[in-house]
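The structure presented is a predicted model; accordingly, all values stated were derived computationally and were not measured. Every number for a ligand or one of its atoms is a count from 1 in the order of the listing.
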Amino acid sequence: MEPYDPVAEDYAAVFGDIGVRLFEWPWIRGLVREKKPRSLLDLGCGNGYLSKALEGTVPERYALEPSPVMCSIAEKNLGGGVVLLRGAAESMPFGDGSFDMVISLLSFRYMAWDRALDEIYRVLKKDGVFILVDLFAGSFNPLYFPGYLAAWAAVRIHHMRNRGYYKKLRRLTRSAAWRRLVREHPRRSLSDARAMIKGKFYIERFRILGAGLRGSTAGLVCGKRAPF
Ligand SMILES: C[S@@+](CC[C@H](N)C(=O)[O-])C[C@H]1O[C@@H](n2cnc3c(N)ncnc32)[C@H](O)[C@@H]1O
């Protein structure tokens, strides 16, 4: 059984619309508009809301997801415009140099980073980019205080306008299956991730998208480093 199988239905019910990713989605959308990839892989696509939201902007869209339960939800959500495959980042069913862009939205923390990064590098074209958005551990950094305040205010406003969403979110995060998942996949450190990424890619851009007391959501744009 894949780690997301037991929570897939509840997860998909909460995160049905990518608009709930208040900070992550506008950043990703801006990058896709700027870089104009012709081919894109949504890695660890979950219920497929990112691939769905990119409809009409990227000609060739692929999505990869290891959880069979998530895959069947994504299949229903996506229809025919996206090639959806079952599989994991550490061993991808794609040829070398297949994509202009690979996006991992909140799935990287579940991967074996060294093997996944090798594979992402392999499936990207020469000038391809890897966009990573994830939650990382870390103690509160005073430098991010303005970002923390902005994130807190935006979430409070969203909360007031979307009480139904927060009710569902609370139900998910309080469930035993979710707690077990989080316990078994704790957030990992941002500096470890950066160090590992730098071994293969150059970090073209880095952004703290949401700062919290126990860590942050970071966005990284990683370009392929030319092999020597
Ligand atoms: C928090 S969900 C994020 C899903 C979706 N990207 C989103 O933003 O809602 C994490 C996803 O990563 C997937 N995942 C877990 N291990 C993975 C791996 N080794 N390779 C690719 N995806 C993985 C899970 O099955 C799950 O669907």
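Interatomic distance, CG of Leu85 versus CG of Leu41, reported as 9.0 Å (0.5 Å rounding).
In this structure Asp114 satisfies the side-chain hydrogen bond (donor to acceptor under 3.5 Å, both in side chains) test with no other residue, sequence neighbours excluded. With sequence neighbours excluded, no residue satisfies salt bridge (Lys or Arg N to Asp or Glu O under 4.0 Å) with Asp10. Residues passing the side-chain contact (heavy atoms from CB on, under 4.5 Å) test with Leu149, sequence neighbours excluded: Phe145.
Atom OH of Tyr62 has 12 or fewer neighbouring heavy atoms from other residues, nucleotides or ligands inside a 6.0 Å radius.
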List below, pair by pair, the N or O atoms of ligand 1 and of the protein that are less than 3.5 Å apart, including the distance to 0.1 Å; reply 'none' if no pair qualifies.
{"from": "ligand 1", "atom 1": "6 (N)", "to": "Gly44", "atom 2": "O", "distance (Å)": "2.8"}
{"from": "ligand 1", "atom 1": "6 (N)", "to": "Leu105", "atom 2": "O", "distance (Å)": "2.8"}
{"from": "ligand 1", "atom 1": "8 (O)", "to": "Tyr49", "atom 2": "OH", "distance (Å)": "2.7"}
{"from": "ligand 1", "atom 1": "8 (O)", "to": "Leu105", "atom 2": "O", "distance (Å)": "3.3"}
{"from": "ligand 1", "atom 1": "9 (O)", "to": "Tyr11", "atom 2": "OH", "distance (Å)": "2.6"}
{"from": "ligand 1", "atom 1": "9 (O)", "to": "Tyr49", "atom 2": "OH", "distance (Å)": "3.0"}
{"from": "ligand 1", "atom 1": "19 (N)", "to": "Glu90", "atom 2": "OE1", "distance (Å)": "3.0"}
{"from": "ligand 1", "atom 1": "19 (N)", "to": "Glu90", "atom 2": "OE2", "distance (Å)": "3.2"}
{"from": "ligand 1", "atom 1": "20 (N)", "to": "Ala89", "atom 2": "N", "distance (Å)": "3.0"}
{"from": "ligand 1", "atom 1": "25 (O)", "to": "Glu65", "atom 2": "OE2", "distance (Å)": "2.6"}
{"from": "ligand 1", "atom 1": "27 (O)", "to": "Glu65", "atom 2": "OE1", "distance (Å)": "2.7"}
{"from": "ligand 1", "atom 1": "27 (O)", "to": "Glu65", "atom 2": "OE2", "distance (Å)": "3.2"}

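Counting only distance, with no hydrogens or angles, the side chain of Ser67 and the backbone of Glu2 share no donor-acceptor pair below 3.5 Å.
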